Number of protein chains: 2
Amino acid sequence: MKREKISELTTNRLSVYLRCLNELAAAGIKTVSSQELAEQFNLNSAQIRKDLGYFGEFGVRGTGYYIEDLRADLTKILGLDKPHRVGIIGAGRLGTALANYNGLSKSNFSVVALFDNDPNKVGEHVGHDRIPVFDAKKIAKVVRDEQIDVAVIAVPARAAQRVLNQVMAAGVKAILNFAPAPLKARLGVKVRTVDLTTSLESLSYFLAQPSSALVTNGNGVPASRAEITQADQTTL
Amino acid sequence: MKREKISELTTNRLSVYLRCLNELAAAGIKTVSSQELAEQFNLNSAQIRKDLGYFGEFGVRGTGYYIEDLRADLTKILGLDKPHRVGIIGAGRLGTALANYNGLSKSNFSVVALFDNDPNKVGEHVGHDRIPVFDAKKIAKVVRDEQIDVAVIAVPARAAQRVLNQVMAAGVKAILNFAPAPLKARLGVKVRTVDLTTSLESLSYFLAQPSSALVTNGNGVPASRAEITQADQTTL
DNA sequence: TTCTGTGAACCATTTCACAGCT
DNA sequence: AGCTGTGAAATGGTTCACAGAA
């Protein structure tokens, strides 16, 4: 086991491997090889072995990986053996949609608070789990009381840096940001931005390329493989 | 002007540069240097010059870039001079939140249709713009009638591949996917996945590292810079 | 034999550093 | 003098290829 620094590309993939292992385990499968796993994601099998290799030797030569064991190891590595408590700043449509997203509980995340500065929203309770909406001025107090360790920024771009400063001041070290703004974070604080406009604009660039010009060949018929030159896929 | 193949990292940044240029233009600023631009995103200025250099020579030595001109050039490069018509599959909370997201119209995207297989939702109209919800069975017809060129997948993971197959069959070549599933796309079709669980799990990994262990130093006080060893930030 | 773990080779991306234009 | 455009160097990430364990 080394002590190199792990790239985010690797941790992203570990998360994806873990999800797949959970499904395989649910299907009653006991072992899996790096080759089989790689096929699920069209990835090179060496990539998977390298990713795991940063953290230890989890496999059995000639056999592959024991799914239950690897699952436990990856859960531990990703810090998902301890629960995380999430606060969402911005109780607009996106914020409330995220608050209601069920996929998170599987990974030991629970949304415990929303924040907004609209007095009409403060005091309300959102969604099936009745998550309370607090005044955005109370971020510091609620972060402490509720032991929030992850913040989600779902406010307009112009408010995002201010909100980030508030949650950093409250001691939150991990932030998922949906505001399309370039944020400056303190050292030791990790901000991960998901920018929908940029994602769409990158797709637009792809569509604007000659290689994708033959979207349909004159009528509505999809072009055949032979006509198309470019293939591409991105995760995250 | 070359004809190399452009990485998605570059197109992502072009989108971000463009947004910044739009703001600078709105503030009445006329020129900007790669150095000034770079400071906005804590990026190396050579990075910006390289990114632009793939597409032409847009700058003026000694002066920098004329904002209005570069804005027009980037808009054209990203294919944002032509409008894009977006269909969202899945009229759940995420799908409707996205349908109502205003940020997209600035980039010449308009959401023209939602799709669902819940009969209670089909026939409804969503949000301020009264976007119609169609039966998911009608994807092929509506894509043709409404000239949809970008699809957003906002359905549960188990349905995602099926939906992708449908939109590909309808001739859509650019897809933004929110389902946490590894999708297989045809050659010539670009799928971009935004995976919230993976984003959060990567943040969890960061929190689990010793270097971020001193979230607070015993009480609620944020750790000082000197105590913290790791800094990090990711866009997209 | 099969499949892991891992150096070495390869490829992609970023940064440096400077020639050359304005 | 200031700032772009771009080869060359440096860094980072992926794939190859194979020794060695089960």
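Residue numbers start from 1 in every chain, and the chains themselves are labelled A, B, ... in the order their sequence lines are given, proteins ahead of strands. These numbers were taken from a predicted model, which means no experiment stands behind them.
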Enquirer: What does B:Ser34 touch in the nucleic acid at a heavy-atom separation under 4.0 angstrom: a base, only the sugar-phosphate, or nothing?
Expert: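 B:Ser34: backbone/sugar contact only, no base atoms under 4.0 Å.
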Enquirer: Whole angstroms only, please: what is the CD1-P distance between B:Ile48 and D:dC3?
Expert: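 Atom CD1 in B:Ile48 sits about 14 Å away from atom P in D:dC3.
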Enquirer: Whole angstroms only, please: what is the CG-C1' distance between A:Leu52 and D:dT14?
Expert: 15 Å
Enquirer: Can you establish whether the number of heavy atoms outside A:Lys76 located under 6.0 Å from its atom NZ is more than 12?
Expert: no
Enquirer: Quickly work out the A:Arg49 CZ to D:dA17 P distance and round it to whole Å.
Expert: 13 Å
Enquirer: Could you name each residue pair satisfying salt bridge (charged side-chain N to carboxylate O under 4.0 Å, His left out) that touches residues 9-20 of chain B, not counting sequence neighbours?
Expert: A:Asp195-B:Arg19, B:Arg13-B:Asp51
Enquirer: Just checking B:Tyr66: does its OH atom have more than 12 heavy atoms from other residues, nucleotides or ligands closer to it than 6.0 angstrom?
Expert: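 No, not enclosed.
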Enquirer: Specify the separation, in whole Å, of atom CZ of A:Phe41 and atom P of D:dT15.
Expert: 14 Å
Enquirer: Hey, are B:Gln35 and B:Glu39 close enough side-chain-wise for a donor-acceptor pair under 3.5 Å?
Expert: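 On atom types as modelled, these side chains qualify, holding a pair under 3.5 Å.
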Enquirer: Of the listed nucleotides (C:dA12, C:dA8, D:dT14), which one gets closest to any side-chain atom of B:Lys5?
Expert: C:dA12
Enquirer: Counting heavy atoms from C-beta on, name the nucleotide in C:dT13, C:dG5, D:dA8 closest to the side chain of B:Leu9.
Expert: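 For B:Leu9, the side-chain atoms sit closest to C:dT13.
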Enquirer: If you go through the side-chain atoms of A:Lys50, does one of them form a donor-acceptor pair with the base of D:dT15 closer than 3.5 Å?
Expert: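 Yes.
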Enquirer: From the options D:dA22, D:dT14, C:dC3, select the nucleotide whose nearest atom is closest to the side chain of A:Ser33.
Expert: C:dC3
Enquirer: Closest-nucleotide mapping onto DNA chain C: is B:Thr10 or B:Thr63 further toward the 5' terminus? I mean the 5' end.
Expert: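 Final value for this comparison: B:Thr10.
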Enquirer: Starting at atom CZ of A:Arg13, determine the distance to atom C1' of D:dG12, rounded to an integer number of angstrom.
Expert: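 Distance, rounded to whole Å: 12 Å.
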Enquirer: Rounded to the nearest angstrom, tell me the gap between atom CG in A:Asp73 and atom P in C:dG5.
Expert: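 Those two atoms, CG and P, are 11 Å apart.
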Enquirer: Measure the distance from CG on A:Asn44 to C1' on D:dA17 and round it to the nearest whole Å.
Expert: 11 Å
Enquirer: Which of the following nucleotides, D:dG13, C:dT14, D:dT6, is nearest to the side chain of B:Glu57?
Expert: D:dT6
Enquirer: B:Arg61 has a side chain; which of D:dG5, D:dT6, C:dC3 sits nearest to it?
Expert: D:dG5
Enquirer: Is there side-chain contact between A:Leu98 and B:Leu196, with at least one heavy-atom pair below 4.5 Å?
Expert: yes
Enquirer: Among the candidates D:dA22, D:dC3, C:dT6, find the nucleotide nearest to the side-chain atoms of A:Ala46.
Expert: C:dT6
Enquirer: Looking only at side-chain atoms of B:Tyr54, point me to the closest of C:dT14, D:dT14, C:dT13.
Expert: C:dT14
Enquirer: May I have the distance from A:Asn12 (atom CG) to D:dG12 (atom C1'), rounded to whole angstrom?
Expert: 16 Å
Enquirer: Got a sec, which residues hit side-chain contact (heavy atoms from CB on, under 4.5 Å) with A:Glu68, two or more places apart in sequence or on another chain?
Expert: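 Counting only residues at least two positions away or on another chain, A:Glu68 forms a side-chain contact (heavy atoms from CB on, under 4.5 Å) with A:Ala25, A:Arg71.
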Enquirer: Determine the contact category for B:Ser7: base if any of its heavy atoms lies under 4.0 Å from a base atom, sugar-phosphate if only primed atoms, P, OP1 or OP2 are that close, otherwise nothing.
Expert: sugar-phosphate
Enquirer: Closest to the A:Tyr65 side chain: C:dC16, C:dT4, D:dA22?
Expert: C:dT4
Enquirer: Heavy atoms under 4.0 Å, any strand shown: does A:Gly62 hit a base, just sugar-phosphate, or nothing?
Expert: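 It contacts base atoms.
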